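The structure appears right after this line, and notes come after that.
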Amino acid sequence: MSAPTSERTTSKNSGGDRHTTAERLLKSSAKKAYDPAVDIDWDAPLDPDRIWVPEHRVSLYGTELWERMTPEQRLELGKHEACSVATVGLWFEVLLMQRLLKDFYAEDPTSPRAQFALTEVADECRHSQMFARMVKTAGVEPYGPRESIRQLGKLFSVLNRGPAAYSSILVAEEVLDRLQREQANDESIQPLMRQVNKIHIMEEARHVSFARDEVTRGVAELSKAELAYQRWICAFTSMFVVRSIINPKVYASVGIDPKVGRRAALDNPHHREMIRWAGEKIMPFLTDAGMVGAPGMTWWRASFLLGEK
Ligand SMILES: [Fe+2]
Ligand SMILES: [Fe+2]
């Protein structure tokens, strides 16, 4: 296997054009960044009748279980699922911060790339605080991923590097972004949820640009053997990320056995289609970049990101 991409990029960073994107993104973040601690009205009362996610995005929408639920139970499940997605996003942000800090550990800290990496870590720190505070305000358990996945996540920054790491980061960021954009302008959604989404959308756009640049440049440097490994680990990680966004414990909030709820959600064509739709922007990019292919296809199919194929 060839040397980790992060090591090679360190020496390559002496070249100028690798920093062009980072320079542009640094200027953008200097102009517009948010502090959720002051930019969100945390004292505003929640509206008990407002939904937290559109009904058609709730994982059980359209199932027999859904048909048997009262309107109050549907709203409650939507709230718990919104908080599950937020805390799984938080979990992945923490893994992303680990990866970024490892990548720039040995780099010249004055370079635009290192400066932007530190800016992104600072953004993600604030986002994670924001998601945690939203969930606490909602009065919902900070679910995060299932325990087995949380344990597996400890290996993320060990096994994922270079384009594979940035590709799975893009899957997480862009899937979440698509869901948040749909909700940001929907007046039927709880105002706190909309404020959180708006801030996240604005700052994530820069992270997505940075990660896309890292993927495009990184793939071109991989040997054939390293590309095969990176495709496999990226597909494996992405499958667990998208299948983890709803912690099965959410179903207990409306009296449904978590195992029964999870099975119903995974079998639900609406839920599968939601994941495909949420990945509709990122999957063509990763395919064009060469990250989607053998030997990772079994995991990509299991992720639902490719749709029914
Ligand atoms: Fe974030
Ligand atoms: Fe991000």
Side-chain angles (χ1 to χ4, degrees), residues 21-22 24-40 53 82-104 112-136 142-145 153 156-157 160-184 192-216 218 234 237-238 240-242 244-245 278-279 281-282 285-286:
T21 302
R24 177 174 60 80
L25 296 172
L26 279 167
K27 279 187 195 143
S28 164
S29 52
K31 274 195 214 138
K32 197 77 189 157
Y34 292 91
D35 181 357
V38 293
D39 292 325
I40 289 181
V53 286
C83 291
S84 174
V85 173
T87 50
V88 170
L90 185 164
W91 163 72
F92 207 73
E93 283 176 339
V94 172
L95 297 181
L96 159 61
M97 286 187 258
Q98 290 175 3
R99 180 69 267 165
L100 284 170
L101 290 171
K102 278 190 182 180
D103 272 359
F104 294 93
R113 259 181 97 233
Q115 286 284 305
F116 184 75
L118 293 173
T119 303
E120 185 165 329
V121 170
D123 290 348
E124 299 296 16
C125 268
R126 294 193 307 275
H127 296 170
S128 291
Q129 288 175 307
M130 171 174 76
F131 288 139
R133 198 164 172 183
M134 182 190 86
V135 168
K136 193 169 185 195
Y143 295 112
F156 173 79
S157 67
N160 279 278
R161 55 181 178 252
Y166 286 100
S167 296
S168 48
I169 286 164
L170 278 166
V171 168
E173 288 184 331
E174 295 216 24
V175 162
L176 188 60
D177 188 67
R178 197 116 207 255
L179 294 168
Q180 290 181 330
R181 280 177 192 271
E182 185 184 46
Q183 298 161 18
L192 172 62
M193 180 79 179
R194 291 178 62 203
Q195 281 181 302
V196 165
N197 288 346
K198 278 185 179 169
I199 288 178
H200 203 245
I201 290 165
M202 288 289 290
E203 297 194 332
E204 285 303 312
R206 292 192 286 264
H207 302 176
V208 165
S209 295
F210 184 71
R212 284 189 175 217
D213 200 50
E214 291 294 310
V215 170
T216 308
C234 168
T237 307
S238 300
F240 279 112
V241 169
V242 293
S244 296
I245 59 173
K281 276 167 69 188
I282 187 56
F285 170 80
L286 294 181

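When a ligand or atom number is given, it counts from 1 through the structure's own listing order. Predicted model, so just to flag it, every value in this text is computed and none were measured.
- Side-chain contact between I282 and R212 is present, with at least one heavy-atom pair separated by less than 4.5 Å.
- In terms of distance to the Fe ion (ligand 1), the nearest N, O or S atom of H200 is named NE2.
- Relative orientation of the F210 and F104 rings is tilted, given thresholds of 30° and 60° on the angle between their planes.
- Each of Q180, M134, K198 was compared with M193 under the side chain to side chain contact (heavy atoms under 4.5 Å, CB included) criterion, and only M134 meets it.
- Although no hydrogens or angles enter the test, the distance criterion places a donor-acceptor pair under 3.5 Å between the side chain of T87 and the main chain of G144.
- Distances under 2.8 Å from the Fe ion (ligand 2) pick out the protein N/O/S atoms E124 OE2, E173 OE2, E204 OE1, E204 OE2, H207 ND1.
- Among L90, V85, V88, the one residue that satisfies the side chain to side chain contact (heavy atoms under 4.5 Å, CB included) test with F131 is L90.
- Put simply, the side chain of D39 gets close to the backbone of D35: a donor and an acceptor are under 3.5 Å apart.
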